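Notes follow once the structure below has been shown.
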Amino acid sequence: MSNDKNSPAPVLTSNFLRAIVESDLAAGTHVREGMPSVITRFPPEPNGYLHVGHAKSICLNFGLARDYQGRCNLRFDDTNPAKEEQEYVDTIIDSVKWLGFDYDYPKADGGVEHHLHYASDYFDQLYAMAEYLIEQGYAYVDSQSADEMAANRGNFNTPGKNSPFRDRPAAESLQIFRDMKAGKYADGEHILRAKTSADAMSSPNMNLRDPAIYRIRHAHHVRTGDAWCIYPMYDYTHPISDALENITHSICTLEFQDHRPFYDWLLETLSAGGFFKLPVPRQYEFSRLNLTYVVTSKRKLRQLVEENIVDGWDDPRMPTIVGLRRRGYTPEAIRLFCERIGVTKADGWIDMSTLEGCIREDLDPKAPRATAVLRPLKLIIDNYPDGLTEECTSPVHPHHPEMGVRTFPITRELWIEEEDFMEVPSKGYFRYYPPIDDKPGSRVRLRHGYVTECTGYDKDENGKVIAVHVNYFPDSKSGTPGSDNYKVKGNIHWVSAATALEAEVRLYDRLFTDANPDAGGKDFISLLNPNAKEVVTAYLEPGISAAQPDQRFQFERHGYFVADRVDSTPGKPVFNRIVTLKDSWVAK
């Protein structure tokens, strides 16, 4: 039942979940005819875009199923129609597949098993089980107001109080529940609650204090339309959906740890009622991903989008999967990151540099090199023949000669980086500076071209340097006999002004200046990095004009860049900086 389309398995790293799975396999805990012994699921709510924390869960659930010849279901928890949209369903499916995973599995007869599910698939069964719980005295309709329920629930230090409707006769609760389903009551007028024990309202676990399992909500559902006006709660839907899908290992983040007793109680109770065969699914919890310099709260991410602080859910500064994808991150880098950070039961923080290191590690061996001048300054070779053009060559990749070479012209006028010239050089500066006193200007090699000597510079009326003048040495061209006779310390990149491709380049950085913008009640908006996005007009070597959307390059000296998947077109590329060559935040 394994899925060959899912991403290749990395070298397995032991963790507590793998130990549980391997113990269950050894004991035959989940051996059932016609089914794999490991079935996991990824159960997102379609009310927003997935973020990097969800990527960890996707890689974990689909990865475990892949590594132990099982399967993983993608199941949408679509039980809150007021907040759910088809747009979110579509982008979640796309994100799962982009990360390298699939929920279609080959059958022995050559067919395919589709394991894309929705909680709404089970609305009839969920409702029938709710009626059973009422009939058996395990649930009742509560008619308190929301404020009354909250007041009677108590808190961590104070036991709750029984609802005055807790002992409502089962027949009466059942009739009201059926009338709720028939649309006879307004939102909030009644609610169905579970009774896990006689003294549940004094339980130290707040999740066992008669948890709500059905509420009235007159809202149009994306898949079921207006067929229902009552909807099950997540804590009720989740375990039942797991059991209906024969899930073996239901893996959640640690915030659901206190929900596990209800999960177990519900499945045990319904199994006793004949709804499920043993063994039922078991829930296990792992620590969620806490990544520095980001927020992952759906509410806060939505605020960034709705207040136009970012340019949508796929803004390359966002920690959403669509944002990371547009930034230029690869599925391989994200899977490497998820594998590298491991799986534990202890909360902790992962530094953003770990994620950035993974994309550098992934791109370094495969990204073709290119030359880009991001902050251009004109360089004029005064003694270079006007109208002459010569070809220079460089490897497409310095460590992979099989990738070939690239060619680009050198002409009399070039573009160099502004920082490659100083009127008054600082100590240890080996790039261009003019003659000072009786000393000649600096000698610098134009990479893959000639050695040049600075002779002067031009300024505009505001005192800004607008051009640097140099002379070249005709016998110094890289790769020609005698060029090694020139010993210079400065070596800079450049592009021909006559043939360079002018392009928009977006220099992205971390969205926040604070490593923990979401902690301690901070005003996260005040911690936004004003330099998280800078747009410059750059000049690129001409061969890059044919770049396809999503094509990645290393712009030598600057970092890794990608042709924007939305705005870039061949002939007129727009580039996003994925990451710098080195971590510039180390000392911050």
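Keep in mind that this is a model prediction, so the values were computed, not measured.
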Item to check | Within residues 264-289 or reaching into it, pairs that qualify as ring pair (Phe, Tyr, Trp, His ring centres under 6.0 Å) - sequence neighbours excluded | outcome: Y132-F275, Y138-W265, H249-Y284, F262-W265

Checklist entry - Who pairs with E307 by side-chain hydrogen bond (donor to acceptor under 3.5 Å, both in side chains), at least two apart in sequence or on another chain? => result Q303

Next on the checklist: For D77, give me all partners under salt bridge (Lys or Arg N to Asp or Glu O under 4.0 Å), at least two apart in sequence or on another chain.
Outcome noted: none

Item to check | Pairs touching residues 33-57 that satisfy ring pair (Phe, Tyr, Trp, His ring centres under 6.0 Å), sequence neighbours left out | outcome: Y49-Y88, Y49-W313, H51-H54

Item to check | Test side-chain hydrogen bond (donor to acceptor under 3.5 Å, both in side chains) applied to N47 - qualifying residues, sequence neighbours left out | outcome: E45, K298

Checklist outcome for this item: Residue set satisfying side-chain hydrogen bond (donor to acceptor under 3.5 Å, both in side chains) with H218, at least two apart, ordered chain then number -> none

Item to check | Pairs flagged by salt bridge (Lys or Arg N to Asp or Glu O under 4.0 Å) wherever residues 263-274 is involved - sequence neighbours left out | outcome: none

Checklist outcome for this item: With sequence neighbours left out, the residues meeting side-chain hydrogen bond (donor to acceptor under 3.5 Å, both in side chains) with Y329 are none

Checklist entry - Can you pull the ring pair (Phe, Tyr, Trp, His ring centres under 6.0 Å) pairs that have at least one residue in residues 339-364, sequence neighbours excluded? => result none

Next on the checklist: Can you list everything that forms a ring-ring contact (aromatic ring centres under 6.0 Å, His included) with Y118? Sequence neighbours excluded, please.
Outcome noted: F76

Checklist outcome for this item: Residues passing the ring-ring contact (aromatic ring centres under 6.0 Å, His included) test with Y214, sequence neighbours excluded, are F177, Y236

Checklist entry - For H400, what residues pass the ring-ring contact (aromatic ring centres under 6.0 Å, His included) criterion, not counting sequence neighbours? => result H397

